[in-house]
Amino acid sequence: MLAALLLFPTQPAFSSSSYTVTETVEIFEYDLTEPEAPETPASAAYGDYGPFRVISQNTVEMTGTVDSYTPALFRQMIRHFPGIKRIEMLDCDGSVDEAANLNLARMIRNAGISTNVPAGGSIRSGAVELFLAGVTRTADSNAEFIVHSWMDEDGRQANDYPQSDPVHAEYLDYYAEMGVPAPTAKAFYALTNSVPFSEQLRLSRNDMARFQLLQ
């Protein structure tokens, strides 16, 4: 862009028959550049599917809660990104639909996906069962696992049912399905149910390894 500035002397020069006007022209040049659009983060380019955020063709991050819609969203995600093989579980607080949670877990296993809890990651309640769905299960030394008893829609907790009740077999069968040895599965299940639903028991990566829940 060019801008012209006209400067006139305050005292024009006169002669007997004419006068002269002195004109000074200054030229200014400006470089106009269009601002660049902000770069779109790679993670946003792939999209969200409920608690899942696709960050690459083979990896997703998981944050939040599993509900009744999550299995369908997971199925849609796998249809769009069939190469997904790893779930980074960042901050997962369990589920509000336990049947959906176990259904999702089996879908993860059937898809051949691994689970990992990175440094600072925290998985709690039903998310621990979800973690076990990974074909390989890994965790950083600073990962956190929070467990407590389950509670059904009637407010009854695990220890309100006799040991022979089929409701317990549902969980123990799931552990066996995920490759957890039966004695270890029983011990871990008993540990989680020793803590009331309203309380929390924090387990470390080493605790999970002791129960043979890491691979």
Which heavy-atom pair separates [X] from [Y] by the least distance, and what is that distance?
X	Y	result
Asp97	Ser68	OD2-OG, 2.6 Å
Ser149	Ala158	OG-N, 3.3 Å
Ile113	Ile84	CG1-O, 3.6 Å
Val96	Asp67	CG2-CB, 3.6 Å
Pro118	Met89	CD-O, 3.3 Å
Gln200	Val195	N-CG1, 3.8 Å

Next item on the list: Indicate whether the side chain of Asn58 and that of Ser56 have a donor and an acceptor atom separated by less than 3.5 Å.
Entry: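 The criterion, which ignores hydrogens and geometry beyond distance, is satisfied for Ser56 and Asn58.
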Check: When you check the side-chain N and O atoms of Thr63 and Asp91, is any donor under 3.5 Å from an acceptor?
Finding: no
Item checked: Side-chain cluster (under 4.5 Å, hydrophobic types only) that Met151 belongs to, other residues -> Phe197
Would you say that [X] contacts [Y] through its side chain, given a criterion of any heavy-atom pair below 4.5 Å between the two side chains?
X	Y	answer
Glu170	Leu102	yes
Val54	His80	no
Leu130	Thr115	no
Phe188	Val128	yes
Glu199	His148	no
Arg109	Val135	yes
Phe52	Phe81	no

Item checked: N-O pairing of Glu177 and Arg106 below 4.0 Å -> yes
Notebook entry, point to check: Quick one: side chain to side chain donor-acceptor pair (under 3.5 Å) pairs with a partner in residues 153-162, sequence neighbours left out?
Noted result: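 Qualifying pairs: Asp152-Tyr161.
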Margin query: Going by side chain to side chain donor-acceptor pair (under 3.5 Å), name the pairs with one or both residues in residues 131-146, residues two or more places apart or in two chains.
Written below: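 Every pair satisfying side chain to side chain donor-acceptor pair (under 3.5 Å) with a residue in residues 131-146: Ser114-Thr136, Asn116-Thr138, Ser122-Glu144, Glu144-Arg202.
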Note to self: Per the ring pair (Phe, Tyr, Trp, His ring centres under 6.0 Å) rule, what does the pair list look like for residues 96-124, sequence neighbours excluded?
What the structure shows: none
Item checked: Tyr175: ring-ring contact (aromatic ring centres under 6.0 Å, His included) partners, not counting sequence neighbours -> none
Solution key, residues 203-215 side-chain donor-acceptor pairs under 3.5 Å, sequence neighbours excluded:
residue	atom	partner	partner atom	Å
Ser204	OG	Asn206	N	3.3
Ser204	OG	Asp207	N	3.2
Ser204	OG	Asp207	OD2	3.2
Arg205	NE	Ala139	O	2.8
Asp207	OD2	Ser204	N	2.9
Gln212	OE1	Thr184	OG1	2.8

Item checked: Expected output: side-chain Asn101 to main-chain Ser95 donor-acceptor under 3.5 Å -> no
Notebook entry, point to check: Would you say the side-chain atoms of Lys85 pair up with the backbone N or O of Ala111, donor to acceptor, closer than 3.5 Å?
Noted result: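 Yes, because the side chain of Lys85 sits within donor-acceptor range (under 3.5 Å) of the backbone of Ala111.
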Next item on the list: Could you check whether the rings of His168 and Trp150 sit parallel, tilted or perpendicular, using 30° and 60° as the cut-offs?
Entry: tilted
Item checked: Spatial distance of atom CD (Glu98) from atom CD (Glu129) [nearest 0.5 Å] ->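 Answer for the CD-CD pair, Glu98 versus Glu129, is 6.0 Å.
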Checklist line | Gap between atom CD1 of Ile108 and atom CD1 of Ile87 - 0.5 Å precision | finding: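 Going from the CD1 atom of Ile87 to the CD1 atom of Ile108 covers 4.0 Å.
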Notebook entry, point to check: Are Ile146 and Leu201 linked, directly or through other ILVMFWY residues, by side chains that come within less than 4.5 angstrom of each other?
Noted result: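 No; tracing contacts between hydrophobic side chains, which count when under 4.5 Å, never links both residues.
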Next item on the list: May I ask whether Leu90 and Tyr49 are part of the same hydrophobic cluster, defined by side-chain heavy atoms of I, L, V, M, F, W, Y residues being less than 4.5 angstrom apart, directly or through others?
Entry: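 No.
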